[in-house]
Every structure is written in C-alpha cells, then in structure tokens.
Chemist: 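This structure is in structure tokens; I'll ask about it shortly.
Letters go in sequence order (proteins before strands), and every chain restarts at 1. Quick caveat: nothing in here was measured; it's all calculated off a predicted structure.
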Amino acid sequence: MKIINFCKALILLVAFFGSAGFAQSNKVLIVNSEKAVYRYETIATEFKKVLQQNAYQWAEFNLDGHANAEAELKQLIEQENPALIYCIGTQAYSLVHNVAPNKKMLFSAAINWRRLDVGAGTYGVANELSSAQELSLLRYFFPTIKTIGLLYNDSFSREYVETIKKDALASGINIINKPINDTQEISGALNELLPKIDIFWIISDPVVLSNKESVRQIFQAAQQQKKPVYAYSDVYIEQGAVLSISADIATIGRQSAGLAMMAEQDKVPGGTVQSPAGSMVTLNKCALDALKLKFNQDALDSVNKIVGCDQ
Amino acid sequence: MKRFWPAFFIFSVFVTGGYWSAHSEVRPTYYFYNTETNINNFATLKMGFDIYLVNHGGYLLQPFDLRENFEKVIHEKKGDVYLLSSWHLKELQQKKVPLEIALVGTSKGNTTQRKVLSAKKDIVNVAMLKNTVVAAAGSEEYVHSILKQILGKGQEALLKDIKILIVPKDIDAVMAVGFGMATAAISAESGLDKLAMMSPNQFKELHSLGFSEKDYLLIAATLKKPDQQETQLLEVLRKMSETDAGVANLKMLGIDGWRAVQ
C-alpha cells in the first residue's frame with residue numbers, strides 16, 4: 001500500500017515539475033522597437049492575443065522605454081530564459097541578434113529583411129507582400145491589364161525587379177522596366193515608358209521615390225498620358241494612384257504568433273521567412289472613374305477601402 | 001463683441017450637431033455585422049450606402065465590427081432591419097432571439113453557398129492537417145465552428161492540433177496556401193473561383209478536403225413580422241439591384257441582389 005502511495009506521489013511530483021518546466025520553456029519574449037509606433041503596437045497586440053488563446057506565457061520589453069536598453073535586455077533574457085524572442089522592427093532584431101545570438105528569434109516589421117543576418121535559428125514574417133501576391137491581386141482587380149511599367153535603380157532594386165519579371169511571366173503579364181540613376185532621368189524615362197504600358201507600378205525604390213518632386217513628376221506624367229498608377233502603399237492614393245495593395249498589419253501579428261509557436265516546437269525549418277498572409281487593398285474610385293478603367297466589379301467585396309472624389 | 005462670434009459659432013455647432021445626431025438616431029436603420037469576413041471596410045460601406053439611401057427613403061446603414069455591440073442593438077430592439085450571416089442568425093435563434101429571415105442575398109443567381117476546406121494535392125486527407133496552419137476569414141468562433149462541421153465527428157479531435165490563422169478575406173486565405181503561409185484554407189466556393197481567376201496555376205495545385213453544409217448568403221432579418229416601416233426598408237434593399245449604384249454597394253457585401261424567402 002505504501003509503495004502505491006509513494007508511486008502516486010511520485011507521479012504527481014513529476015507532473016507538477018513537468019508542467020512547470022513546460023511553462024518555463026514556452027515563454028516568449030516580445031521586444032518592440034518603439035511602442036509608440038501604431039504599426040508595431042498593433043502587431044504586438046494581435047501577437048499576444050494568439051499566444052493567450054494557446055496558453056503561452058510572454059514577457060515584453062520596449063526599447064524606447066529604457067535608457068540602457070542593451071544591458072537591461074541582456075539581463076532580462078538571462079532572467080526569463082525565453083524559448084523564443086519575437087522582435088518587432090529592425091532595431092529590435094539587430095539588438096537581440098547582438099545580445100543573444102544563440103536564441104531562437106522571430107522578426108516582423110523589419111524593413112528589407114533580406115539585408116538582415118538570418119541564421120538557422122531565425123524565423124520571420126516579411127514586411128511586404130511578395131511580388132507574386134501583388135501581381136495575382138492586381139490581375140484579379142484589373143483582369144484586362146497585360147503590360148506593366150516600372151522605374152527602378154539598379155543598385156537598390158535589381159533583384160526585386162528580376163523577381164517581379166519572373167513572377168509576371170508566370171502570370172502572363174509583361175513587365176517593361178527602365179533603370180534610372182537619379183531623379184533627373186525620371187521625366188525622360190516616363191515619356192519613353194508610359195505609351196507602351198497599361199499601368200505604371202510604383203515600387204519601393206529609394207532613388208525613384210527620393211523626393212516629393214519625383215513622385216509629383218510620376219503622377220503628372222501618368223495623368224497627362226491617361227495611364228493608371230498602382231502603388232505598393234496607400235500613401236500614394238491621395239496623389240492619384242488608382243489602387244494600392246499592402247500587407248495587413250494585424251494579420252502579420254497573428255501570423256507571427258502561429259509561426260512562433262511552430263518554431264518553438266521545431267515544427268518549421270529554421271530560416272523560414274514567410275510573406276504576409278493578409279492584404280490591405282485601397283481603391284481610388286475617383287481616379288478609376290476619371291480614367292474609365294475596367295475594374296472587376298465582383299472584386300469589390302475584397303477591397304478594404306474605397307476612396308471617392310470628395311475624400 | 002469679439003468674444004461673441006466664436007461663442008455663437010461653438011454654440012451653433014453644438015446645437016445643430018446635437019440636433020442632427022439626435023435626428024439621425026431616430027432614422028430607420030439597417031444594422032450590419034458579418035461573421036464571415038474581417039475586411040472592416042465600414043467607412044466605405046457606410047458612405048456608399050448612406051449616399052445611395054439619401055434618395056431611397058433617407059435610411060441609414062450602421063455597420064459593426066464587434067459582435068457584442070451588434071447583438072446589444074438587437075437585444076435593445078433598436079434596429080429595424082438586421083443584415084447578418086446565416087450562421088450568426090442560427091446562433092441567435094438558438095438563444096431564443098426572435099429574428100426572422102425577410103430577404104436572402106443572391107450572387108449570380110444563387111442564394112446559398114458552401115464553405116470548402118482546400119489544400120495542395122500532397123495533403124491527401126484531413127488527418128494530415130495535424131500540427132499545421134489553416135487560414136480562413138471571419139470571426140474565430142465562426143471559423144472554428146465551420147472547421148468542426150467540415151471535419152465531422154470522426155475527425156473532430158484534430159481541431160485542437162490545428163492552428164487557425166485569421167486573415168481579412170477569402171482570397172487571402174486561398175492565396176496563403178499557394179504561397180506557403182498555410183497548409184489549408186477555408187473559403188466560400190466562390191473564393192476558389194477567385195483564385196482560379198487570379199492565379200490559375202495555384203488553383204490547379206489545390207483540391208478539396210471537405211465541404212460545409214449549404215447555407216444562405218447574407219440575410220436581412222427583422223425581429224417580428226415586418227411592420228409598414230420595415231416593409232419599406234426591405235423594399236429599398238430588394239430594389240438595390242435595379243441600379244448600378246445599388247449593385248456597387250451590394251458587391252461590397254459580396255452579393256448582387258436580394259430575394260424574398262418563400
């Protein structure tokens with residue numbers, strides 16, 4: 001009888017320490033580059049909601065709230081020993097990468113993640129939709145479009161433009177791209193490009209978009225030649241872009257949480273960086289009507305925001 | 001005297017604003033909440049409907065992003081006509097809320113739809129979805145319930161081992177499979193038609209693992225047998241498909257017309 005009781009006690013002890021150990025091991029540390037940034041905070045909020053639903057524990061560290069962030073973060077990591085560190089923003093990722101290079105890490109909201117040092121223990125959700133996603137959606141909203149034109153700088157965007165061309169080819173869309181070295185070349189390049197295309201695509205190229213004047217030139221030329229402009233961000237809607245497609249930020253937070261849980265349990269290969277799964281679509285109906293552009297009316301239920309002429 | 005005009009201006013704004021907001025509260029209203037999408041295009045939706053309705057009875061549309069707030073309005077019996085999903089209506093009817101279907105939305109002549117669980121062809125059965133991500137649009141409760149229905153009693157145990165990724169809309173869910181962010185997707189059958197149009201190659205890679213039961217598209221319901229005012233509200237809805245502006249608004253809701261239930 002005593003042996004049976006001893007065994008029961010032993011099982012209870014093992015169960016207790018086992019669960020305590022598990023709770024410790026699945027703790028996630030969230031490092032936010034700047035809590036005041038709405039985008040970052042929305043991502044963090046959605047991330048925590050999913051963790052909570054799955055009974056995960058977490059701790060938080062906001063870089064903007066600490067005078068000596070590096071030392072304090074290091075101390076917190078030693079103290080909490082998280083199974084995974086979730087970095088929101090490039091600053092958070094760079095710091096964590098220096099302070100705890102051997103920890104499992106997951107990033108999101110990092111600008112140009114391909115320039116980050118992504119190792120085997122690193123996972124991520126990209127900040128931008130892939131060009132293939134954008135092209136698929138663009139084709140859905142404007143089924144008649146066959147030729148897209150874009151300007152880019154070879155040093156900054158060559159690889160991206162090559163990917164766009166490859167993805168476009170697979171979608172049966174023709175891309176006409178023109179490299180420029182500085183903004184002085186924009187006007188001439190547009191004059192040559194616009195007559196040959198159905199729509200102009202503004203990509204996130206720092207040379208093409210280096211100042212307000214270059215953006216104004218693009219929209220002015222497009223308007224003169226009655227060509228629609230599609231943009232990667234809704235900030236260009238106000239200037240006259242007919243459509244913008246970007247990543248949905250709340251989905252990035254939820255997607256990151258799912259990936260974090262899978263990574264923590266080693267159910268996804270190290271180095272996995274996913275494209276965002278949710279899109280945010282803004283349609284400029286005013287520009288659409290002015291250009292008499294054919295838009296897929298059945299796609300209206302997939303548009304997040306429609307902007308009219310009085311907005 | 002210098003102080004008079006600013007004070008008068010503030011007073012006027014306050015009074016007229018108060019008057020109009022009070023006035024707007026008594027205007028007959030369509031209350032809208034949809035468990036099947038997270039698109040949250042409420043500003044666009046409200047503006048589109050309100051502009052259309054100015055010349056069609058002067059009614060208003062009030063969309064909700066929170067289920068609790070929408071249901072609160074029903075419980076307070078504030079609404080005249082409620083626009084909601086069939087799934088949500090059944091949930092409320094089970095809780096003894098006396099909502100009755102007045103009109104059902106139509107899309108390309110259909111009043112019903114099925115939800116489909118689709119995955120790439122190397123996922124041959126639902127058992128292979130263990131420890132994977134399934135993408136879907138809609139409220140979590142709704143998605144969970146539909147997935148449970150599709151899996152059936154035999155595979156219900158799988159639910160706890162499937163991670164659901166909530167995305168804004170159907171096309172995001174089906175694209176998530178093609179681009180590797182999810183192993184499977186739950187969408188309306190029309191979601192797959194959209195994928196076929198957007199990305200025929202991705203569409204060819206998918207197959208269906210299961211279907212939900214057929215259900216109505218969006219529903220227009222009332223709390224009782226429609227009175228004269230509610231009948232007028234329903235009539236305006238029903239006639240929306242007769243004008244381009246009306247159809248454009250309906251398309252934002254994923255339908256192209258309304259039909260009375262026999």
Side-chain angles (χ1 to χ4, degrees), chain A residues 46 49-50 53-54 125-126 129-130 132-133 135-141 143 167 170-172 247-251 253-262 265 267-268 272-283 285 295-308 310-311, chain B residues 34 37-45 47-48 51 107-108 130-135 137 140 160 163-182 185 188 190-191 193-202 218 244 247-256:
Chain A
E46 293 297 318
K49 272 188 209 165
V50 178
Q53 285 162 0
N54 289 277
V125 175
L129 298 172
S130 69
Q133 283 172 288
L135 283 161
S136 297
L137 288 164
L138 194 57
R139 183 177 149 139
Y140 176 52
F141 293 115
D167 292 334
S171 305
D248 178 63
I249 51 176
T251 308
R254 293 191 289 268
Q255 188 180 349
S256 299
L259 190 56
M261 291 186 288
M262 302 285 256
Q265 294 165 23
K267 286 174 183 162
V268 275
T272 298
V273 180
Q274 295 182 342
S275 293
S279 61
M280 164 79 189
V281 179
T282 306
L283 175 73
K285 193 157 183 315
F295 180 80
N296 175 12
Q297 291 292 310
D298 288 339
L300 275 173
D301 64 343
S302 301
V303 176
N304 298 74
K305 194 176 171 190
I306 300 176
V307 177
D310 50 353
Q311 288 169 287
Chain B
N34 192 353
T37 177
N38 301 314
I39 200 159
N40 296 350
N41 55 350
F42 300 135
T44 301
L45 201 61
M47 197 175 67
I51 289 172
S107 178
K108 300 187 193 326
K130 190 174 179 177
N131 296 323
T132 66
V133 174
V134 174
E140 279 183 39
K160 63 175 179 17
K163 300 247 178 297
I164 293 170
L165 172 62
I166 299 292
V167 292
K169 41 197 176 281
D170 266 8
I171 53 169
D172 293 323
V174 288
M175 276 172 67
V177 180
F179 288 108
M181 287 82 85
S190 60
D193 297 339
K194 289 171 182 173
L195 183 69
M197 199 173 162
M198 281 191 300
S199 183
N201 292 339
Q202 279 191 8
L218 197 67
D244 289 347
V247 171
N249 283 322
L250 292 177
K251 294 262 184 186
M252 283 196 274
L253 302 175
I255 56 176
D256 55 23

Chemist: So, taking the atom named CG in A/L300 and the one named OG1 in B/T44, what distance separates them when rounded to the nearest 0.5 Å?
Modeler: 10.5 Å
Chemist: Can you say whether B/N131 sits under 4.5 Å from chain A via the side chain, the backbone, both, or neither, judging by heavy atoms?
Modeler: both
Chemist: Would you compute the distance between atom OG of A/S136 and atom NZ of B/K194 and round it to the nearest 0.5 angstrom?
Modeler: 14.5 Å
Chemist: So how far is it from B/L165 CG to A/Q274 CD, rounded to the nearest 0.5 Å?
Modeler: 8.5 Å
Chemist: Is it true that atom CG of B/N201 has more than 12 heavy atoms of other residues, nucleotides or ligands lying nearer than 6.0 Å?
Modeler: yes
Chemist: List the steps and the verdict of side-chain contact (heavy atoms from CB on, under 4.5 Å) for B/M181 and A/T251.
Modeler: CA-CA 12 Å; B/M181 287 82 85; A/T251 308; over 6 Å; no
Chemist: Do you know which of A/M261, A/Q255, A/Q133 has the most heavy-atom pairs with chain B at a distance under 4.5 angstrom?
Modeler: A/Q133
Chemist: Tell me which of these, B/I255, B/V167, B/I166, has more heavy-atom pairs under 4.5 Å with chain A than the rest.
Modeler: B/I166
Chemist: In terms of heavy-atom proximity below 4.5 Å to chain B, should A/R254 be classed as side chain, backbone, both, or neither?
Modeler: both
Chemist: Would you sort out whether A/L137 and B/I171 count as a side-chain contact (heavy atoms from CB on, under 4.5 Å), showing the intermediate values?
Modeler: CA-CA 9 Å; A/L137 288 164; B/I171 53 169; 3.3 Å; yes
Chemist: So for B/T132, is it side chain, backbone, both, or neither that comes closer than 4.5 Å to the heavy atoms of chain A?
Modeler: backbone
Chemist: Please enumerate all residues that pass side chain to side chain contact (heavy atoms under 4.5 Å, CB included) together with B/M197, with sequence neighbours excluded.
Modeler: A/Y140, A/P143, A/N296
Chemist: Less than 4.5 Å to any heavy atom of chain A: does that hold for the side chain of B/E140, its backbone, both, or neither?
Modeler: side chain
Chemist: Applying side-chain hydrogen bond (donor to acceptor under 3.5 Å, both in side chains), can you list everything that pairs with B/K251, at least two apart in sequence or on another chain?
Modeler: A/D298
Chemist: Give, as side chain, backbone, both or neither, the part of A/D248 having an atom under 4.5 angstrom from any heavy atom of chain B.
Modeler: side chain
Chemist: Heavy-atom pairs under 4.5 Å with chain B - which of A/M280, A/E46, A/Q53, A/K285 has more of them than the others?
Modeler: A/Q53
Chemist: Where on A/A299 is there a heavy atom nearer than 4.5 Å to chain B: the side chain, the backbone, both, or neither?
Modeler: neither
Chemist: What's the verdict on side chain to side chain donor-acceptor pair (under 3.5 Å) for A/S279 and B/K169, showing C-alpha distance, side-chain angles and the deciding distance?
Modeler: CA-CA 8 Å; A/S279 61; B/K169 41 197 176 281; 3.1 Å; yes
Chemist: Using 0.5 Å steps for rounding, measure from the CG atom of B/L218 to the CG atom of A/D301.
Modeler: 11.5 Å
Chemist: Please name the pair of heavy atoms, one in B/K163 and one in A/N54, separated by the smallest distance, quoted to 0.1 Å.
Modeler: NZ-OD1, 4.0 Å
Chemist: What part of A/T272 is in contact with chain B, defined as an atom under 4.5 angstrom from a non-hydrogen atom: side chain, backbone, both or neither?
Modeler: neither
Chemist: More than 12 heavy atoms of other residues, nucleotides or ligands under 6.0 Å from NZ of A/K267: is that the case?
Modeler: yes
Chemist: So which heavy atom on A/A277 is nearest to which on B/D172, and how close?
Modeler: O-CB, 3.3 Å
Chemist: Is chain A contacted by the side chain of B/M175, its backbone, both, or neither, given a heavy-atom distance below 4.5 Å?
Modeler: side chain
